[in-house]
Structures are given as C-alpha cells and as structure tokens.
Protein chains: 2
Amino acid sequence: MDKKITINDIAAKAGVSKTTISRYLNDKFDNMSKTTKVRIEQTIAELDYHPNRQAQALKARNSFLIGVSVADISNMYTSRLLKGIGDYFQKTHYQVLIMDADNDINRELSNLEQMMTEQIDGMILQPLVHQPDHYQFLINKKTPVVQVDRYIEPFTWPAVVSDNFQKSVDLAKIFKTKQYDTVIVLANRITGVSSRMNRYNGLKAGLTGSQITVHLIEIDDSNWQSILTATLNVSQRTAIFALNGQVLWSAVRFLKAQQLRVPEDVGLVGYDDDQFADMISPAIASVSQNPQEIGRIAAEKLNLIMNEHGVLPKNIRIPSTIQLRDSL
Amino acid sequence: MDKKITINDIAAKAGVSKTTISRYLNDKFDNMSKTTKVRIEQTIAELDYHPNRQAQALKARNSFLIGVSVADISNMYTSRLLKGIGDYFQKTHYQVLIMDADNDINRELSNLEQMMTEQIDGMILQPLVHQPDHYQFLINKKTPVVQVDRYIEPFTWPAVVSDNFQKSVDLAKIFKTKQYDTVIVLANRITGVSSRMNRYNGLKAGLTGSQITVHLIEIDDSNWQSILTATLNVSQRTAIFALNGQVLWSAVRFLKAQQLRVPEDVGLVGYDDDQFADMISPAIASVSQNPQEIGRIAAEKLNLIMNEHGVLPKNIRIPSTIQLRDSL
DNA sequence: TTGAAAGCGCTAACAT
DNA sequence: ATGTTAGCGCTTTCAA
C-alpha cells in the first residue's frame, strides 16, 4: 500500500504552510497570490492528493454522511427509490450510506445503531415497525429523519409516501362498476405497515354501503392458498387485489396453477411492477407508484431540514396511477 | 440538536480517564477491575454514547469504508448483487458506500474520486469501461479492488463473474438441436462490456462449423426494430437471444406488437428476470445468473485481500443455469 | 489496575 | 499574503 499523502506533504512540497493548503482546498482565494495557487494546484495533481474526509468531518463536527435504511434492498420499488435518493445527493457534498434491514427487525436496529456510530448527519428511513417507541432512541437523539413509503404513528418525522388510501378508494369504485361481489385483498402481513394498512382501509372505506364483501388473506400464512381457494368457492364474482409486486406474482402463479382464467373466473389487480404486468396475457391492471420521485423528494426534504432547521413534520403524498388493463 | 457525547464526557461522569474508556471500547478487559467495567458500562448506556467513527478512523489510518460502484442501481441484477455484498459486510465492521454510475462514464469517474476522498479501504467495481487506462489512477493508488459482473483487460484486479462464455456455448448446442438457421443476438452496446462480449463470442464459438448465421443487433441503435424486422424477413427459422433482462422485455414487447408467435414464428431466449420469464405465456427460456452469490463472493474476496495481502488476481466464475422453457 | 501525553489530518482564530 | 497554534475525538506508548 502506498503511504497516504497528507496536507503536510503538499505543504512541504509546495513550500507553504498547511494553512494555505487548507485555504486552497476550501476555495478561499481572496488573499492568495496567483503563483501560490498555481503551485499548490500542481503539487496536488502531481501527488494525486485527496483531503482526508474523516479528518475534515472530525473538525467540522459532522460527517457529511446520510444513512438510508430500507426494508429490503432486493426489489424494484427499493431500487428505484435508491435511484431517486442517489440522484439528489449526487449533487451535494453528502455521501449516502445504504443499509438493508432484510425485513428483520433486529437487523434494522443494529443498522440504526451503526449509523449512530457513523455520526450520520441525517437519515431516510423506511420503517419496519409502526410503533414510535421502537425508535425512541432515535427520536431522543434528534437526528433529522425523513420517512419513506411508510410511517410510524403518531407522526414524529415527515414522511414521503404514495397516495395509498385514495387510490384504494378509487379502486373500490371500479370494483363496484364491474359488479364484483367479493374482493380478496392479498398481502404480506399488513399490521404495522402503514402503506399496506392504508391500501386495505381505503378499499373498505370506498366500499362502505355497497354489497361487496372484503376478505384479507396474508400470504405469510402458510396455508393462504387453501384459504384463498375456499373463499373463491363460496363467492360469485371475485376480484383479487394484490398489495405489492411480489404478492401479485404469487397470485398469478396460483391462478395459473389452479387453471383459473383472468378475468373470466376471477379479476386481478396489483401494485407496482408495471412493465411486467403489462407484458403478460391478459395484461394485469395495477397501481403504478413513483418510487424514484418519492426518493428524490425525501432527499430534498431531508437536505432542507438539515440545513434550515425548523421545517415542520408533514405527510407528503406522491400520486400514483391506476393502470386499467384486461384483468378486471 | 443535542450536544454530542464524547469519550471525555463518559470519562468525567464515570470518574476515570479516557484511556480507560478507550480500553473498554476496544474490549481490553485484561487489567480492568470489575467495578470500573460496570461503571463505564452504565455510564455509556445512561448517556447513550456512541464512539465517533471518524475519530477512530483518523487514528487507525483507515476508514472501515468499502466503496461499491454499480453501473445502474435500478435493476434486479444490481439489487441482488447488493444484497449479497451487504449480507457479507453486515457481519464485519465495514460499512458499505454504494454509488450509482447511472451508466454515465463521467459520473462513475466522479464517484470514484469521491471514494478516494472518503479514504475507502477497498472497493467493489462493476466497471463501465473495458480499458485499464481509464482506471489508471485507481491502479496507481493500489487500492484493493474486486471487479464484479465485468472486468477490464488485461486483468489488474480479481473479478467475480458469471460463466458467460460457457453458457453461450451450451446455448449454441441447443440452437443446433432445434435446427434454427439464424440467431439474432439482441443487446445493449456490447463493446467494452466483457460480460456481453463473452456471451456473444461464446455463441459464435459454439456455432463454428454449423450453418447457423449470427446477427448482432444493438438496441441503442434507434432503428433496431426495423433492422430486426428486415433480418427476420430473410431467414427461415430464427431465434432471438436477448443478452439481459431489460433487452429481453424489449424483445417480448416487439414480438407482441408484430404479432409474431413464440416459438412458432421465432424462438426466444433471454438472460435473468427468471421469475417473470417463467410467468408469461409461453414461458420464456432464460439463463439464470446468481448475482447474490457473485456479490457475496466478491465481498469475501475483497475482505481477504484487504486483510491478508498478496492474494493473486484471478477470474472467479459463478455458474449460471439455462432454464429451458416453451419459447425455444 | 489506571493515567498523562502525544499525535492521527484537518480547520480556524489570531498573528504578522 | 501567509504562518503559528490549538484542538476536533480517539488510541497507544510509556509511566506509575
């Protein structure tokens, strides 16, 4: 390994004090002679010097690090979310530290602890848990936080989310128009995940006063398939509403295996994964979110909070779009 | 913002010197009285103290930061790659700094510069460019690097990749058996991307001596669709080989629009995105890579290089699997 | 069993 | 226009 070049090496080689080098690094050229400036520039290039960020951070008393905690890094929603966050911070002097909770509460906790040790200046959090007391240590710390996709209640930090409730209300209208008598909501465990709760509750709200029955089936339940079959057997015209991309594909797989036709035997509508929903036959109706925009706005909001304190917590809803296709 | 708690605060409150606190933090209990240990433990818990990583890094002369540079963060391959990398480093004391080049050479360069400033201890690189001179500054720095998915030539750093060439040779056999007379390779620009080159060259190698013609069509070319149509018109039995997931879906979309039947009118085989390839009708044959394993192995390898210097550059191939389905 | 003091690479207040 | 110096939070040598 090469010996690391420091500010002292540059100072010595350029024949000036390290203060002058520091001034150069921080663009303080007001009182610097042209010659000195050029000489420093050359020396830095020659030795390929990069100022040590840890030392700068230590001195400045902040780390220029943003922590991003995601529930599960390996799905499209997250990828696009991260794209948006990265695009924004790319233009700033912050670095992004992404940590994957892998849907494991203990791992999330350990990640958040790590972030504290890294002295992160701010954080974007897709919380695994709905209860604020689980994040109490973070709340106490007063670290700037922006939530994405989901939020804890009561609101402690601003959240940037999709308009989940409203879009389910809209879907309810469609179910009524198409004269379904049963809607099965297929989801991962919804308790404690605000986005899923809102999708479920929005549907029920939109359906009040109608004759349509709503069933919730969680695929974490090992015998969800038999529950689903049983439910289908006792209903006339049923639609399945899959609350995320992964669940949608489980549903498609199930229907294929059971040789149930869509939409003749059962209607189907999902969330996300638009480009694929569009591709299969019949094309599947879905609610299309905008995770990249959610990420971008969250990053922007966080930057605002970090640098001009006192912005109030607020719930920011990014519109999603219902893509009506052949499956309903 | 709360005043940050430092080692001095703990020392003062616990009534010992900061040396002793430091010893506690670094598990040096050999000569520490039980009482002192307990008192420190309590004080740390009470004040919710987290040692400052920047200060530790400055002292230790390394950052405990790993840089990961990916070509494009928003696709499934990358997500799963990152999952593997994260899972590995999760168990170490390293943090992972993920940077997205967004397929932009300048942005990649800027990211790598940033990483130098962050004093990263090591790097996992999915290079955008094939030529070593583009990465010369990195090579000079002697930063430990492991390449993933692709590599620059001649080999400078070890690379963990899929067995691209071999799997294309295997596919060639299948094309022969199924008596195709033309294979169209559909891809993003392959020049300078070793994985794509190997897939293309493997196919040609496997086909030498046969009567089968190979055409390469790059979808970056704005009129790829007309080129494709023209090619299909002059051939008898054609198969399309799409070199990655994204391109595969472009192909599916194209064939659907042209109302060409698969496999009757044209055969189709792709790469990645297995769960979707499996879902559509007809199910599409595809080569299934293992990006999570690639990530894990790369991380492991990097850790090895960083901590026990002198491991020689080597090309590690992770097997992928050909999933033969109805589309061929 | 514990502490004092020096120093990691940088910035900034205060010189000159 | 530039330099001297103290100090950010930590680890480590040396001493007690």
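In what follows, chains are A, B, ... by sequence order, proteins preceding strands, each numbered from 1. What you are looking at is a predicted structure, and each value in this text was computed from that prediction instead of being measured.
A donor-acceptor distance shorter than 3.5 angstrom exists from the side chain of B:R196 to the backbone of B:R189, with no hydrogens or angles considered.
Between the P atom of D:dC10 and the CD1 atom of B:I44 lies a distance of 10 Å, rounded to the nearest Å. The CZ-C1' distance, from B:R53 to C:dG9, rounds to 18 Å in whole Å. Protein atom CG of B:L58 is 8 Å distant from nucleotide atom C1' of C:dC10, rounded to whole Å. Atom CD of B:E118 is separated from atom P of C:dG9 by 16 Å (rounded to the nearest Å). Rounding to whole angstrom units, CD1 of residue B:I21 and P of C:dG3 are separated by 9 Å. With rounding to whole Å, A:I7 atom CD1 is found 15 Å from D:dG7 atom C1'. For the pair A:N8 CG and D:dT5 P, the computed distance is 14 Å after rounding to whole Å. Spacing between atom CG of A:N52 and atom P of D:dG9 amounts to 16 Å, rounded to whole angstrom units.
The phosphate of C:dA12 has neither OP1 nor OP2 within less than 4.0 Å of any side-chain N or O from A:R23. Side-chain N/O atoms of A:Y49 include one lying less than 4.0 angstrom from OP1 or OP2 on C:dC10. Contact check, A:N26 against C:dT11: a side-chain N or O comes under 4.0 Å of OP1 or OP2. Put simply, B:N31 has a side-chain N or O that comes within less than 4.0 Å of OP1 or OP2 on C:dT1. Phosphate contact (OP1/OP2 of C:dG9, side-chain N/O of B:R61, threshold under 4.0 Å): present. Considering only side-chain N and O atoms, A:T6 lies nowhere under 4.0 angstrom from the phosphate OP1 or OP2 of C:dC8. B:T20 has a side-chain polar atom (N or O) that falls below the 4.0 Å cut-off from OP1 or OP2 of C:dG3. Distances shorter than 4.0 Å separate none of the side-chain N or O atoms of A:Q56 from OP1 or OP2 on C:dG9. Considering only side-chain N and O atoms, B:T19 lies nowhere under 4.0 angstrom from the phosphate OP1 or OP2 of D:dT12. Listed pair A:S17 / D:dT4 fails the phosphate criterion, with no side-chain N or O lying under 4.0 Å from OP1 or OP2.
Contact annotation for B:K28: backbone-only contact, meaning every heavy-atom pair under 4.0 Å involves sugar-phosphate atoms and none involves a base.
Taken to the nearest 0.5 Å, the NZ atom of A:K83 stands 12.5 Å off from the CD1 atom of A:I85.
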Task: B:Y94 vs B:D121, side chain to side chain donor-acceptor pair (under 3.5 Å): CA-CA, chis, key distance, verdict - done: CA-CA 9 Å; B:Y94 288 105; B:D121 291 341; 4.8 Å; no
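Of all heavy-atom pairs spanning A:L128 and A:E108, the tightest one is N-OE2, 3.1 Å.
Among the nucleotides C:dC10, D:dT12, C:dT2, the one closest to any side-chain atom of A:K59 is C:dC10.
Between A:L302 and A:F89, the closest side-chain pair of non-hydrogen atoms falls below 4.5 Å.
For the side chain to side chain contact (heavy atoms under 4.5 Å, CB included) test, no residue two or more places apart in sequence or in another chain qualifies with A:A12.
With DNA chain D read from its 5' end, the first of the two nearest nucleotides for B:P51 and A:M32 is the one closest to A:M32.
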